[in-house]
Structures are given as structure tokens and as C-alpha cells.
J.: 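Here it is, the structure in full.
Worth knowing before you read on, the calculation uses all heavy atoms, side chains too, and leaves out hydrogens, waters and symmetry mates. None of these values were measured; they are calculated from a predicted model. Letters go in sequence order (proteins before strands), and every chain restarts at 1.
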Amino acid sequence: MTATIDFLSHLNPSQRRAVEHFCGPLLVVAGAGSGKTRALTYRIANLILEHRVDPENILAVTFTNKAAREMKERIQKLFAERLAIAEFGERFELLPEYDQVQLKSRVWRTYIKDLWCGTFHSLFSRILRFDIEKYQDEKGRRWNRNFSIFDESDAQSLVKEIVTKQLNLDEKKFEPRSVRYTISNAKNQGLSPQEFAKEQPNYRGRVISEVYSYYQDRLAENNALDFDDLILMPVRLFQQNEQVLGYWHSKFRHILVDEYQDTNRTQYELISLLVTHGETKRSNWEWRDRSVFVVGDADQSIYSFRMADFTILLDFQQDFGDGLPDEDTRTMVKLEENYRSCENILQAANQLIENNTQRIDKILRATRGAGEQIFSHKADDEMAEAEFVINQIRTLERQNPELDWGSFAILYRTNAQSRPFEDILVRLGIPYTVVGGLKFYDRKEIKDVLAYLRAIANPADTVSLLRVINTPRRGIGKATIDNLVGAAQELGTTLWEILSDETSVNTLAGRSARSVNNFAQMISRWQEQVETLPVSELLQGVLEDSGYVQDLLNQGTDEAEDRVQNVQELFNAVLQFQEENEEVTLQAFLASTALSSDLDNLKEGQTAVSLMTLHASKGLEFPVVFLVGLEQGLFPNYRSMNDPNALEEERRLCYVGITRAQERLFISHARERRLYGNREPAMRSQFLDELPEELLATHHLGRIPYTKGVGSSTSQRTTVGKQSFGENWQVGDRVLHKKFGEGEVTHIFGSGRKISLAIKFDSLGQKIIDPIVAQLQRVE
DNA sequence: CATTGGCAATTTTTT
DNA sequence: ATTGCCAATG
């Protein structure tokens, strides 16, 4: 127990309240860099240690697989350190390696293995592997436990096929991309094809609802689910099957959700069902040995295009909590102390986000020194911008021994912006990693090989079968394939039913019958091995017997060689997956490939410059951050500029970017940028003008100073904020804000340095403002 | 049937 | 500038 106390002692009072929370609901409003991951991991450890909660009764939802992995690792470390003291009387790091390994694996087995920790998608795909056979949709479609998970490109080709082949519609008028997006939105609102159809007043909507219905048919035929189904289907299943819901409800007694501001309606529904057992009357809710603990920050909500809805976070107090105002509530904790960034960076972030109207009152407090000024740079074009950035990186790296390549991040709005940076980095031989963009699992050769595996795991997966039936060439042409598929459709069975029957093939395939039968026998052979062989050996067999690798080698081109390399990497991925998990099934491996993002592969401790989109940067931090391409139309993106809500989201994205920086922040834009091959003039982003001028440096004189931001910098800038510090604000005071105009103080939160004011502006309504950050003048 | 070349559309962000 | 799609050709 003493060890328990000692880990609680690293926490500030708010964090401590969060960590020590046991039963009932709690909302943790956690600003950027406020130590929320620490709060989450410590709380889980505390539940297990202090409250004797069995790990298998804990459900922890994270936003990425990487976050899940890290969370498990951190908890494991916590336990290992504690046990080291208890059993060896020695700090974990000081133990001999053998003991460390032993201890770690024991901790894994007793505490971590049974913890349900992952993304919504991976967690609920796992639940579906148990219970999907008890589900039947409104049209009687059914799935079995071997279901395939179709990724976004699979889903889109399916839609495309339905639009063009099945409904003979104009691809221009019904772009598969946009139709798929509409369907996805419908699913994320929990609407079935029929329910969606009822809401469609116009032709287009009705057509899309028809596509949606066919789309579900096709998924079911293939025994496949898309990403949205992984969430929606459990909701439906829970709603229609009391027993299934009861089982999972009583299993998951403690539910934690990270990045709660990025959950959508169906995800919320899922959590709600598990927490309340589908009971609508609050008085019937059982909190005796249960909790729901959510962590989030509305200011970092950047996924509304994926139907994320941060009002879910704002409503938590009403939905689950006591609904009391902030001063009295016992179901909300705010983490406002920022441990990550220097004060200048934080002030910039705070002031930028003040421009948003939809917020929860929260202000980030600096705990570190002022640090250097933020540097803003205007370049001629995107090449010059890249040169500027890389030059800064080289200079800083050379001048500061504590910085290595991994200390730098270049963040941009769109994936396409990475090129010029990569070009220069390659030229100079500086190590770098691009996260996101062209995903490993999206490469043709990887998709091909995975299609083999998917067809083996799930014979109903016709899409995958068709992908590989003639890859590499086996002389099975379009005509024979059409014949076989046509027959399957005629009979209402799967393609595999036909393929696996030699006689049918002989009648249908004519000249190619031999090839088809060979192919089918090959697949059958592998299917028999699924239960007995480890996935790695199965894959090896596939690569050899299918002739896929041989075919690539025969091509002899550089490109083909690259592909062989990638296939080899896939094989390594299987080996790694087998090392990290016990009892690896083919389905589990395939699910991990479908649900893993590039982000998950970002390795800790690699000393390479990181390039990524702002979205991908969420949750990460770097000593030095470059925010590039701040131009109207690019960032904020032109598609968001006419919609106030979308514009606020862009601003939150900028806020996320700024708050990734620990010590230094550079912001740049270009005067001219290449777009689709031709040059276009560009205007500086409006966000630049929303940053506090006095924190921005625009010219530099030779060297760029770099001092670690711990302790105050020596610069004597007097910020406007400093002038208003110490003012005695009172409710009713009239103030003038530089941007928002005149308003009246309606509430005062905190005091001294921690003061913030609620101000009702005459034109814009109420906002919470930090008088130290904002430039307020008293009126009258 | 498979390869090649020309033309068009394309870029927001992702589990 | 790059990628995907279609039509014409051996």
C-alpha cells in the first residue's frame, strides 16, 4: 500500500481527484499537456491495486492503437516498479535483466493481459467475434465469426460497383466517394437503410438509400463489415438481445474513454448501453461497483468529419453526472495545469482558441518559463518554405546538444504537403519519418497478399477471392470469372461454393477449368492448415505456393523488387504480432492490419524528424514544432471557410498544432504555392492574425537563440496581459476586448494569476476569457 | 487476353 | 504532378 501512496504523490490535486475516483460517473476535462494519460494509467492501476478490481472488468477505450499500447506499457511499468520494491527491495531499473524480464512477463500475465484496452473499433470487433452470430439485421442479413473487415477502399469499390454496375447510374452524378461518405454518416447516426430512406425528400437521397441497402446486402454476402458496422452492429445487437447486453454490462464494470470529445453518436450509444444496461430511468442506474470515467477536451475536437460530436462531452454532466454548476459538481474535474509547453506558446494557443464561441470554460496555465518567442516566417513558395524549415532544423540541431532529429516535427494540414520537405531531407541525408499518407497496408502487393489470407479465413469473402483468383496470372480470364460469379448469383450462394466443387467448375469454366480447380484446391489446403499452423507459416506457404513472390521476382524491375521487400515486411509484421500476442489467430492478425494506422507504427525513441498532418499529431509532443502552410484556403481549408462551425474546427486544429510544441514553435506560410501543377498566389492565414502580435517574432538576426524553457527567459517583453494582471475585476464591469468589442463581466472564476472572466459581449454572447492573456480594457 | 498510351480528375482530415 | 481509368492494339 505504501507503494500506492507514493505514485499518488506525483500528482497535483486535480489529477489526484481523477485518479482516486472509484465508483460513479466522472468527467475529466483535460487541457493539452495537462497529464491526462498519467491520470488514466494511474487510475487503472489504482482500481486494480487499491480497490481490488479484476482487470478483466475494466474497459479502456483509446483513440489509436498506439495509445492503447502505450497505456498498457505504462501500467505494466507501474506494477513492475512496485513489485520490484516489494519483492526485491530494489528499484526496477537496478535489477538484473533476467529479473526484469521475469517480472515484466508476470505483470503482463496477472494484470495487463485481461485488461480490455483498445480503440472502439478493435474492442468491439473482438466482442463481435463472440456474439455476431446472435445478430440479425432488419432484413434478416446474418454474419458469422469469421467476418472480414473491409477498409475504406474496399467499401468504396463496393459502392462504386453498385452505382455503376447494379444501378447503372452516372458515376459523375453519384461519386462513389461521396455516396460512401453519406452512407457512413447515416450509419454513424445509427440509421438502417430503411430508416435512412424515410428521411430522404429528394431523388438523390432516395437513390443513395437504395445504394445503402444494396451495399449492406453485399457486405452480408461477403460476410464482411465496414468500420462503421464495428460500432453500429454491437449497438443493434445490444438493443435486440437482452442476454448479450447483460453479459457485457456486468463484465465491464469500470469503463474509461479517452478523447471523449471525438466520440460520435453510435459510440456514445454503445457506452451508454454498457453503463446503464439500457435502463432509461436514472434512479435505476447501479453505481455500487461501477464507474464511467471519460477524459476529453472540447478544444481539441478535430474529427467532426467523421461524425465526432463534442457536444457529447459537453453533455456528459447532464447525461451521467450530477449536472451541478462547476463550483459544486462532484462529477467533473478540470486539469488546467500545462506541463508541456513554455508560456509564450501556451498564451498563443489560449488567445487563438478564444476566437471560438463554442467552448467549455477552461484555460491552460503555464508551469514552465516563458521560453523563446514564436517565430513566424513568410517564404516565396513551398520550396523556399521547406528550405527555411530544414535550415532551422539543421542549425538548431547543431547548436543544441540536447536536441536530436527526433526532437523536431513538421506539421501540415494535408498529406500532400510533405513532398518538398521530404525532397530536401533526402538530399541532405537527414533521417525522417512520414506518418500517415500512403499507408503500408494500402499498397497493392500488401492488399493482394492480405486478400489471400482473408479468403482463407473467410471463404465467403468473394471480393478477396476475386482479387487473387488470377493474381498472379493463372489464365483465368474475365469470361470464366463472369460465368462463375453469375452462377453463384443465380443459385444464391457464394462464389466459393461454386469454386470448391470440381464438377461445377468443370461445367462452367471450360478451358480454364484446370486452373480454377488448382486454385480452389490450393485455397482449400490452406484453409485446412488454419487451425494447426501458426499464421507466419501459413503466410509463408501462401507466398510460396501461390507463386506470387516468384512472379514478382520474374518481373525483375526495381518496382517489383520494392514489392518483394514490402511483402517481406508484411511477413515480419506477422512475426512481430506473434511475439507480442499469445494465441494469435488468423482473424486477429487480419483485424489488426485492417484497424491499424500508420500512426501506430511511429516508434518511440527513433531519432528522425517527424512529418505528419495536424490530425495525426494529436496526443504527441515535440521540443521543436514547425507549423507550415498557414495560408487561406489551405489552412483554414477552403472547404471550411464558409461554415462557421467548420472554421472553428480548423481553429481547434491549429490549437492542437500549437500545443504540440514544448519549447519552440515556428509558423510559416508561402506567398505562392503549386496546386495541381500550376502556381497559385496564396494569402496568409487568418489564424496568424489571431495570434498575439507581441509573442511573434518575424525577422531574425542571424542566429536563432534556443534556450530550454525551464526557468524564465531573460527577455523583458512586457505583454499586454501583464498590464492587466492584478486588476480587481468585479461582476458588472464593462470591458473592451480587442476583437470582440464591448461586453460585461458576468462571472469571475478563481483569483490572482488563476483568474478568468465570463464576459457577455454585446454582439457575440458569452465567452470565458483569461484577462491575463486577452487584451482587456476597462470601459468607463 | 494482356499491355500500352492517352486523358481526366484530383487533395482535407482517418478508425 | 501524380494517379486511375478507358480504349486501342498485338
J.: Measure CD/A:Gln156 against C1'/B:dT14 and give the value in whole Å, please.
T.: 12 Å
J.: Whole angstrom is fine here: how far is it from CZ in A:Arg69 over to P in B:dT15?
T.: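 My rounded result for the distance is 13 Å.
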J.: Does A:Thr64 have a side-chain nitrogen or oxygen under 4.0 Å from the phosphate oxygens OP1 or OP2 of B:dT15?
T.: no
J.: Let me know the distance between CD1 of A:Ile476 and P of B:dA2, rounded to the nearest Å.
T.: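 It works out to 11 Å between those atoms.
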J.: Taking ring pair (Phe, Tyr, Trp, His ring centres under 6.0 Å) as the test, write out the residues that go with A:Tyr638, two or more places apart.
T.: none
J.: Counting heavy atoms from C-beta on, name the nucleotide in C:dC5, B:dT3, C:dA1 closest to the side chain of A:Arg473.
T.: B:dT3
J.: Roughly, in whole Å, what's the span from CZ in A:Arg474 to C1' in B:dA2?
T.: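 Going from CZ in A:Arg474 over to C1' in B:dA2 covers 16 Å.
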J.: Using a cut-off of 4.0 Å on non-hydrogen atoms, how would the nucleic acid contact of A:Gln417 be classed: base, sugar-phosphate, or nothing?
T.: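 Here A:Gln417 touches no strand at all.
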J.: Would you check if the side chain of A:Arg204 reaches a backbone N or O of A:Lys173 as a donor-acceptor pair within less than 3.5 Å?
T.: yes
J.: Between A:Arg671 and A:Glu385, does any NZ, NE, NH1 or NH2 come within less than 4.0 Å of an OD or OE carboxylate oxygen?
T.: no
J.: Under 4.0 Å between a Lys/Arg side-chain N and an Asp/Glu carboxylate O for A:Asp689 and A:Arg684?
T.: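 A salt bridge is present here (some side-chain N lies under 4.0 Å from a carboxylate O).
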J.: Calculate the interatomic distance between A:Arg673 atom CZ and B:dT11 atom P; express it in whole Å.
T.: 18 Å
J.: Using atom C1' of each nucleotide, how far apart are B:dT13 and C:dG4 to the nearest Å?
T.: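 So the two C1' atoms sit 22 Å from each other.
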J.: Choosing from C:dT2, B:dT10, B:dA2, which nucleotide comes nearest the side chain of A:Glu175?
T.: B:dT10
J.: Counting any heavy atom closer than 4.0 Å, what does A:Lys444 reach on the DNA or RNA strands: base, sugar-phosphate only, or nothing?
T.: nothing
J.: What is the nucleic acid contact for A:Phe635, judged by heavy atoms within less than 4.0 Å: base, sugar-phosphate only, or nothing?
T.: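 Here A:Phe635 touches no strand at all.
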J.: Does any residue of residues 296-308 of chain A have a heavy atom under 4.0 Å from DNA chain B, and if so, which ones, in number order?
T.: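 Output list: A:Tyr303, A:Phe305, A:Arg306.
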J.: Can you name the atoms? Protein N/O to nucleotides 8-10 of chain C N/O, anything below 3.5 Å, with the distance.
T.:
none

J.: CG of A:Asn415 versus P of C:dT2: gap in Å, rounded?
T.: 16 Å
J.: Decide if the gap between the ring center of A:His669 and the ring center of A:Phe687 is smaller than 6.0 angstrom.
T.: no
J.: Could you check A:Lys478 against A:Leu653 and say which one's nearest nucleotide on DNA chain B is further toward the 5' end?
T.: A:Lys478
J.: Heavy atoms only, 4.0 Å cut-off, all strands: where does A:Glu152 land among base, sugar-phosphate and nothing?
T.: base
